[in-house]
Amino acid sequence: MIATSRPARPRRVPPRVLRALTWGLALPYPAVMYAAMWAGHDGFTPTEILSIAAFTTVVASLLRYRPLAALALLLAGWFTALQEMPNVEIGYWELLITDSAVGYIAATRSPRVSLTAAALALTVQTASAGFSTGVVDTVVVLAAVAVAAAWVTGNSIRERRAHAKELAARAVGQAVAAERLRIARELHDMVAHSIGVIAIQAGVGNRVIDTQPAEARNALAAIEATSRETLTGLRGMLGALRRADTEPGAEREAAPLAPTPGLADLDRLVATTLDAGVKVDVQRRGTPRSLSPDLDLSAFRIIQEAVTNVVRHANTATCQVVVDYRDEALAIEITDDGTGRAAPGTGYGIVGMRERAGLLNGHFTAGPRPEGGFRVSARLPA
């Protein structure tokens, strides 16, 4: 087999070398302008016009790297041009080109640099007009108005860009904070119920392991099933987050924290809660219908968190859950007649439930009942 060699790729000129070459071409700019004006007294040839345009473009390209030095070269070039050919047209061209440079500097640099550039431009423009025509007052007014207009325009562009960048950074920060809250709610709702059930079952098993081995085995089986289910959910969530983090593109929708349960999983929640020693009576009112994923998930998580609080804090063996499918909203209510209460400020359950309802523009209340026990109620627009 005959090996074929790939054609060598052309080497790119390093940026530093390219800028050095550009400065080498730009430094003779005042001499080029003087020579072009000297040769153009009887009219400019296309070659002279092209050379003026080319050298002016080269010098203007350096405004990106050394704005004040490049502006000084432009001013020096047009100063010598106006001294060699003192007429109004050349004066207007000087104002147009040098003030455009001032506007560019104001749009891309700090006010300190751009104000220095504006002052330098006004000084040289006034001096060149005074030396070439002897008329200073009118030229000063015209040059000052032109420089001020260029600076204000450029500075306004810079401020708008800075404001847009600030808004974008703020939006990114808010999106990150919202995503953190979303993940925190999912983790809390996924883990809190399971840990509560595991803790209660572990306590039961510990108390009866000597006297009722069969009951202890049942408790251990419930712990195993609950922990496996929670581990599966956590793996799914972490997998979704990892996939979202490796997807190309900076802008993307929030990754679904799969798997996402819904009201169809209420029977499983009831069974798990029963294993923890609390019987949940679920009542469905209205005609069950398909719900949006966000609404379905939020309704389930609110019920799950409220039931978890009953298991952990209410000191009761029963609670009631009502799911009411109304025309314009889904209403849910969780009540118990227990006597226990969670210590204030010890968790984020009620905060998370209120946040979930608020994200859907819903209404949420939670508090003790006058007849005893606790009541959690949410109305989520459909």
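None of the values given here were measured: they were computed from a predicted structure. The chain is numbered in sequence order, starting from 1.
- At most 12 non-hydrogen atoms from other residues, nucleotides or ligands lie less than 6.0 angstrom from CZ of Arg112.
- A distance-only check finds no donor-acceptor pair linking the side chain of Asp265 to the backbone of Arg268 [under 3.5 Å].
- Residues Arg170 and Glu166 are in side-chain contact: their nearest non-hydrogen atoms beyond the backbone lie under 4.5 Å apart.
- Arg109 places none of its side-chain heavy atoms less than 4.5 Å from the side chain of Thr116.
- Inter-residue side-chain proximity for Ser61 and Thr22 is flagged as met; some heavy-atom pair is nearer than 4.5 Å.
- Of the inter-residue distances, the one linking Leu380 atom CG with Ile302 atom CD1 reads 5.0 Å to the nearest 0.5 angstrom.
- Taking CG of Leu25 as the reference point, atom OG1 of Thr57 lies at 12.0 Å (rounded to 0.5 Å).
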- request: Apply side chain to side chain donor-acceptor pair (under 3.5 Å) to the pair Ser128 and Trp78, showing each step before the final yes or no.
  value: CA-CA 8 Å; Ser128 62; Trp78 286 98; over 6 Å; no
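- In this structure, the separation between CD on Gln83 and CE on Met33 is 12.0 Å, given to the nearest 0.5 Å.
- Leu63 CG to Thr108 OG1: the interatomic distance, rounded to the nearest 0.5 Å, is 8.0 Å.
- Across Val282, Val376, Val310, a single residue satisfies side-chain contact (heavy atoms from CB on, under 4.5 Å) together with Val321, and that is Val282.
- When all heavy atoms of Arg284 and Asp267 are compared, the pair lying nearest together is NH2-OD1, 4.2 Å.
- Side chains of Ile350 and Arg354 form a contact here, defined as non-hydrogen atoms less than 4.5 Å apart.
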- request: Please lay out, stage by stage, how Arg375 and Thr365 fare under the test side chain to side chain contact (heavy atoms under 4.5 Å, CB included).
  value: CA-CA 8 Å; Arg375 176 177 178 269; Thr365 59; 3.8 Å; yes
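- Here the side chain of Ser51 pairs a donor or acceptor atom with the backbone of Glu48 at under 3.5 angstrom.
- From Asn155, atom CG reaches atom CD1 of Ile105 across 12.5 Å, with rounding to the nearest 0.5 Å.
- Rounding to the nearest 0.5 Å places CD1 of Ile97 at 5.0 Å from OG1 of Thr56.
- Under the 4.5 Å side-chain heavy-atom criterion for Ile, Leu, Val, Met, Phe, Trp and Tyr, Leu96 and Leu74 are members of the same hydrophobic cluster.
- Evaluated for a side-chain contact (heavy atoms from CB on, under 4.5 Å) with Val124, the options Leu71, Thr98, Leu75 yield exactly one hit, Leu75.
- One hydrophobic cluster, built from ILVMFWY side chains closer than 4.5 Å, cannot hold both Leu274 and Phe300; they sit in different ones.
- When hydrophobic clusters are built by joining Ile, Leu, Val, Met, Phe, Trp and Tyr residues whose side-chain heavy atoms come closer than 4.5 Å, directly or via intermediates, Val322 is not grouped with Phe374.
- Closest of all the heavy-atom pairs between Leu330 and Tyr325 is CD1-CD2, 3.8 Å.
- Between Glu305 and Arg301 there is no salt bridge, since none of the side-chain N atoms of the basic residue sits less than 4.0 Å from a carboxylate O of the acidic one.
- The two residues Val147 and Ala121 come nearest to each other via the heavy atoms CG2-CB, 4.5 Å.
- Cluster annotation: Trp93 and Met37 are assigned to the same hydrophobic cluster (Ile/Leu/Val/Met/Phe/Trp/Tyr, side-chain heavy-atom contacts under 4.5 Å, transitive).
- Between Thr273 and Val311, the closest side-chain pair of non-hydrogen atoms falls below 4.5 Å.
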